[in-house]
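Shown next, in structure tokens, is the structure this report addresses.
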Amino acid sequence: MNVGACYLETDVHASKDGVAMLSHDPVLDRVAGVRGDVESLTVSELKRLDLGGGHRMPTLEEALDAFPRARFNIDVKSPRAAPAIAKAVLDAGATHRVLITSFSSRRRAHAVRLIPGVASSASSPRVIVLIVLAQLGILHRVPLAARGIQAVQVPARTRHFEIATPRLIRAFHRVGLEMHVWTVNEPAEMARLLALGVDGLVSDRVDYALDLLRQG
């Protein structure tokens, strides 16, 4: 936040006792060097794990409280995570600064139903298919992806198709959807996509993105 990053993207799994935990991986071996997965341990057991340098796995509610001015892009990584995320967001009073997404339309929809009024973004393979259809000229299909969402979050391209094109960006804008592109870590690609008119970039290199934005 102090360097200017006010949008934070994070992945969430649920602990054994139903607490939303910030974790990309479902398993613990890569980050904690132990066998097992996030959902097999309680929040207190997860809190005892050393993630390196004395760091511990935070809960979603702790993160929302620690950064009260930040907006969170939350990826629902498992079915059990949906109700855990909803509880954390509601308990933190953070509905207005959260966007819910998932590669699973079912998981995303479950969480959204539990958080009335929350913003939502689609990233499922179904949306990618609709995008490809739109890219082939069937633009009337695009509104089908717009039900209950405010944005789509997609890669810039698939193996065979460019997704982030001016034509498609305009098509989404016409039906009131933003396009966010992931994961963009090269400054030249960031500049190219912003010039095309995308509404957001998901990046591991916020320093590059901020430098680019400051250059105007």
Residue list, side-chain contact (heavy atoms from CB on, under 4.5 Å) with Asp17, at least two apart or on another chain:
Ser15, Val19, Thr42, Val43
Among side-chain atoms of His180 and Asn73, is any donor-acceptor pair under 3.5 angstrom?
no
Sequence neighbours excluded, which residues qualify as side-chain contact (heavy atoms from CB on, under 4.5 Å) partners of Ala63?
Leu22, Phe72
When clusters are formed by joining ILVMFWY residues with side-chain heavy atoms under 4.5 Å apart, either directly or through shared neighbours, do Met190 and Leu213 land in the same one?
yes
May I ask you to decide if Thr59's main-chain N or O and Glu62's side chain share a donor-acceptor pair within less than 3.5 Å?
yes
Assess whether salt bridge (charged side-chain N to carboxylate O under 4.0 Å, His left out) is satisfied between Glu9 and Arg71, documenting all intermediate values.
CA-CA 9 Å; Glu9 192 276 340; Arg71 295 181 179 272; over 6 Å; no
Do Leu8 and Ile100 belong together in a cluster built from hydrophobic side chains that touch within less than 4.5 Å?
yes
Can you hop from Leu99 to Phe172 via hydrophobic side chains spaced under 4.5 Å?
no
May I have the step-by-step check of side-chain hydrogen bond (donor to acceptor under 3.5 Å, both in side chains) for His13 and Asp37, ending in yes or no?
CA-CA 10 Å; His13 288 273; Asp37 53 61; over 6 Å; no
What's the shortest heavy-atom distance between Ala84 and Gly18, and which atoms?
CB-O, 3.4 Å
More than 12 non-hydrogen atoms from neighbouring residues, nucleotides or ligands closer than 6.0 Å to CD on Glu45, yes or no?
yes
Set out, in order, the CA-CA distance, both residues' side-chain angles and the distance that settles side-chain hydrogen bond (donor to acceptor under 3.5 Å, both in side chains) for Asp75 and Thr101, then state yes or no.
CA-CA 5 Å; Asp75 190 343; Thr101 190; 5.8 Å; no
Could you check whether any side-chain heavy atom of His173 comes within less than 4.5 Å of a side-chain heavy atom of Leu177, counting everything from C-beta outward?
no
Considering non-hydrogen atoms only, spot the tightest contact between Val38 and Ser23 and give its length.
CG2-OG, 3.7 Å
Sub-3.5 Å donor-acceptor pair from the side chain of Trp182 to the main-chain atoms of Leu201, do we have one?
no
Separation between CD (Gln150) and CG (Asp199), nearest 0.5 Å, reads 12.5 Å
Let's go through Ile115 and Val98 carefully: what are the C-alpha distance in whole Å and the side-chain angles of both, what is the deciding distance for side-chain contact (heavy atoms from CB on, under 4.5 Å) to 0.1 Å, and is it a yes or a no?
CA-CA 10 Å; Ile115 314 172; Val98 159; 5.5 Å; no
Minimum-distance pair of heavy atoms, taken over all atoms of Ile169 and Leu196:
CD1-O, 3.7 Å
Checking Arg56 now: which residues fulfil side-chain contact (heavy atoms from CB on, under 4.5 Å) with it, not counting sequence neighbours?
Asp50
Kindly check if the number of other-residue, nucleotide or ligand heavy atoms within 6.0 Å of NZ (Lys87) is above 12?
no
Ignoring hydrogens and angles, state whether a donor on the side chain of Ser120 or Arg108 is under 3.5 Å from an acceptor on the partner side chain.
yes
Between Arg107 and Val76 (side chain of the first, backbone of the second, donor and acceptor by atom type, cut-off under 3.5 Å), is there such a pair?
yes
Minimum heavy-atom separation for Thr95 to Gly117, with atom names?
CG2-C, 4.0 Å
Validation row: Pro83, His110 side chains within 4.5 angstrom (heavy atoms):
yes
Would Val112 and Ile149 count as a side-chain contact (heavy atoms from CB on, under 4.5 Å) here? Give the steps.
CA-CA 10 Å; Val112 168; Ile149 63 174; over 6 Å; no
Could you walk me through whether Lys77 and Glu39 satisfy the salt bridge (charged side-chain N to carboxylate O under 4.0 Å, His left out) test, starting with their C-alpha distance in whole Å, then the side-chain angles of each, then the deciding distance to 0.1 Å, before giving a yes or no?
CA-CA 11 Å; Lys77 298 297 283 187; Glu39 294 191 349; over 6 Å; no
CD (Glu189) and OG (Ser203) are apart, to the nearest 0.5 Å, by 11.0 Å
Would you name the heavy atoms of Pro155 and Val181 that are closest together and state the gap between them?
C-CG1, 3.9 Å
To the nearest 0.5 Å, what is the distance between CE (Met179) and OG (Ser121)?
10.5 Å
To check you understand the geometry: which heavy-atom pair defines the closest contact between Asp25 and Arg30, and what is its length?
OD2-NE, 2.6 Å
Kindly indicate whether the side chain of Leu194, heavy atoms from C-beta on, has any atom under 4.5 Å from the side chain of Leu212.
yes
Is there a path of hydrophobic side-chain contacts, each under 4.5 Å between heavy atoms of I, L, V, M, F, W or Y residues, that connects Val202 with Phe103?
yes
Give the cluster check for Met57 versus Leu64: same hydrophobic cluster or not, with ILVMFWY residues linked at side-chain heavy-atom distances below 4.5 Å.
no
One thing to verify: whether Arg192 and Glu186 come together as a salt bridge, which I'm taking to mean a side-chain N less than 4.0 angstrom from a carboxylate O.
no
Hey, does Leu28 have a side-chain heavy atom less than 4.5 Å from the side chain of Leu46?
yes
